[in-house]
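Keep in mind that this is a model prediction, so the values were computed, not measured.
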Amino acid sequence: MTRLTTHRTLRGVFATAAASLLIAGCTSAESTGTGSGGEAFGSLPEAVGQPTAGGTITVASPVGLAPNVIYPNRASSDSPFAAQQVMFKYLYSEADVGSNESVNTARSLAELPTASDDGKTFTIKMKDSYKWSDGKPVSADDVIFSIELIKAAIAESPANWNGYVAGGFPENLVSATATDMYTVELQLNQAMNPDFFLSNVAGQLLIPLPSTAWNVASTGGAHLDYTVPENARAIYQYLSEQGRAQSSFASNPLWQVVNGPFRLQSFESATGAYTLVPNVNYTGPNPSTVEAVKFLPFTSTSAMLNQLKAGELTVGALDASYASQVSDLEKQGYHVYGRPGPTQFNPVVINFKNTTNNFDKVIAQLYIRQALQHLIDQPGYIKSRGIYGGAGAPSYTIGQVGTRFAPSFGENAPYPYDPAAAEKLLTDHGWEVGADGTRACVNPGTGPGNCGAEIPAGQTLSFNLLYANSPASIANRNIAFISAAQQVGITISGEAKSLNFLYENADNNAAPAYQDQWALADEGSFNAAAYPSAIRYLATGASFNLGHYSDPKADALMEASVNSSDPNALVAETTYLGENLPYLFMPNPANVAIWKSDISGPPSSFANLTRYGVGIVDPQPWYFHS
């Protein structure tokens, strides 16, 4: 057996601010690691004082994003609780930001998995110290139960599970066996890269669920054998339905069976506000000392700033447009620290299936995507006080510079900001600007100087772009992009939308009826796993393939990076994706965290806020101090 030496994915947008300085943290060639993280500013104070029991931490939830589901094995379009993982623990906890490791085994439910020599069998040994709040052990059966429910969900529809990739886990699973109470053996039908298994399967997708409490298909119903597919389907349907009933999130006994350090005490379905309290039956290390953690919703970044200035928030985020407020907030006793997330990339999603005005035919042409990328001024957006204010880093693919999976073009943009180059690409392919300033196809056909397949004469370059209405940096960068496009005769209609709206509608998998109503969508940053294959995002038919990108060469490269142990396979993938442009790429903003000096904890626990911003929060290590 081969011992693994090295790790969740979230779409999220968060704030940027202030001037930046370079932070070191390149990964070792021997470890997947979490990457360099790009530019950072501020500092991380050391833990101070002695913990005092009690006190309520108030956390600002991401603007415009409220949880709509509590069942942990969620669909790709769902918005989970920012603190889901402190209620229902994943098998593996992510390593601290800046670490060269991919998981923190001390905080995980299991030891690092082992792999067979042929890469087809993985064995997971769970710790025997964890129990559910009803006193039952967190066991191998709970992992098997979760897998059976995932299989039932995707049998109904692949869109029912956020981890779905055609032919991937669990479709490539030959068997899942509990060889003893705490050991799970997973046999696959082909070899899998051990880094990929740890980061993208075991670390992101395997969430043990309480198999002795949730194996029911109705309230008060009989407990069922979930290994029978018919029973698993009924259980899944019941849990999925109950998990969307927001009015009973806090009162439903199902969701009070937790294995993490917190449980849900209250939830306001009208606003999305919720309160966590410590799970008094938590059996893991370092139980929380606070009385409660309140997550408060906000409709705008200005409202969040006002609450920070009023001292009503313990933890929040800053938008770049408020960079001038940093010094005043620090004088009020706040700490500020920001950097791009270590596995972050920042895509404008392209809807390859939108047939409005022949957009699907137009965008299928690589030279069109290249021209659009040439119109995105990444260095300018980073410098702009109204966008990133200096706190950001260039990003031209999935896989950051500073990791061993960085693209072969490194920091050299394949398609740097160059409006003249964009204009030349269009002119060379038969597009001319008319008297009204709009560029149209005057040379249809499929030859070297033609517009491309199925693009008719007179076709215009006109389409829409939906973007998140907060933070302001997202709107400002898209306004700049739209303006640059207009200068070369491309008409882009921009419209700001809430994150919840974008998640529910700018997603062909979950909202096919909305398919022809958006061409481009900017939801802000996405986050890959520590082994940053894009297979969950861009493989044909994948759950997070929001725009239905499909390219045979990309699929082959992603398959190779998943099934090969050669790290160069992933380099080939990240390089090709940067060149083929399944997305348009924006620079990575810094996720900027702000917290009161009233609370303390390990510096890493606050640095971890910059992985996803306040989209995922682990308040367990924080405490009020004397």
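Without hydrogens or angle criteria, Ser561 side chain to Met558 main chain gives a donor-acceptor distance under 3.5 Å. A distance-only check finds a donor-acceptor pair linking the side chain of Ser564 to the backbone of Asp566 [under 3.5 Å]. In this structure, the side chain of Glu185 does not engage the main chain of Ile124 through any donor-acceptor pair within 3.5 Å. Although no hydrogens or angles enter the test, the distance criterion places a donor-acceptor pair under 3.5 Å between the side chain of Thr574 and the main chain of Val571. Panel note: side chain Arg369, backbone Ile363; a donor-acceptor pair is recorded below 3.5 Å. Without hydrogens or angle criteria, Ser99 side chain to Glu101 main chain gives a donor-acceptor distance under 3.5 Å. Side-chain atoms of Gln373 do not come within 3.5 Å of backbone N or O of Leu581 as any donor-acceptor pair. Side chain of Gln237 to backbone of Ala232: no donor-acceptor contact under 3.5 angstrom is found.
Ring pair Phe197/Phe122: centre-to-centre distance below 6.0 Å. The ring of Phe345 has its center closer than 6.0 angstrom to the ring center of Phe526.
The aromatic rings of His374 and Tyr415 lie perpendicular to each other, with more than 60° between the two planes, well past the 30° mark.
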Would Asp141 and Ser139 count as a side-chain hydrogen bond (donor to acceptor under 3.5 Å, both in side chains) here? Give the steps.
CA-CA 5 Å; Asp141 285 340; Ser139 70; 4.6 Å; no
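With no hydrogens or angles considered, no side-chain donor-acceptor pair links Tyr164 and Arg536 at under 3.5 Å. A donor and an acceptor atom, one from each side chain of Tyr90 and Gln84, are located under 3.5 Å apart.
Annotation: side chain of Tyr576 is not in contact with side chain of Pro407 (no heavy-atom distance under 4.5 Å). Side-chain atoms of Asn200 and Leu205, non-hydrogen and from C-beta on, never get closer than 4.5 Å to each other. Phe81 has its side chain out of reach of Val69: every pair of non-hydrogen atoms, C-beta onward, lies at least 4.5 Å apart. Residues Asp78 and Asn68 meet the side-chain proximity criterion, which asks for heavy atoms closer than 4.5 Å. Using a 4.5 Å cut-off on side-chain heavy atoms (C-beta onward), Gln190 and Met192 make no contact.
A salt bridge does not link Asp142 with Lys136: every distance from a Lys NZ or Arg NE/NH1/NH2 to an Asp or Glu carboxylate oxygen is 4.0 Å or more. By the 4.0 Å N-to-carboxylate-O rule, Glu230 lies too far from Arg233 to be salt-bridged with it. Salt-bridge check for Arg611 with Glu94: passed, with a basic side-chain N closer than 4.0 Å to an acidic carboxylate O. For Lys89 and Asp618, the salt-bridge test fails: no basic side-chain N is under 4.0 Å from an acidic carboxylate O.
Of the options Trp214, Trp132, Tyr71, a ring-ring contact (aromatic ring centres under 6.0 Å, His included) to Phe88 is made by Trp214 and by none of the others.
More than 12 heavy-atom neighbours from other residues, nucleotides or ligands sit within 6.0 angstrom of CD on Glu171.
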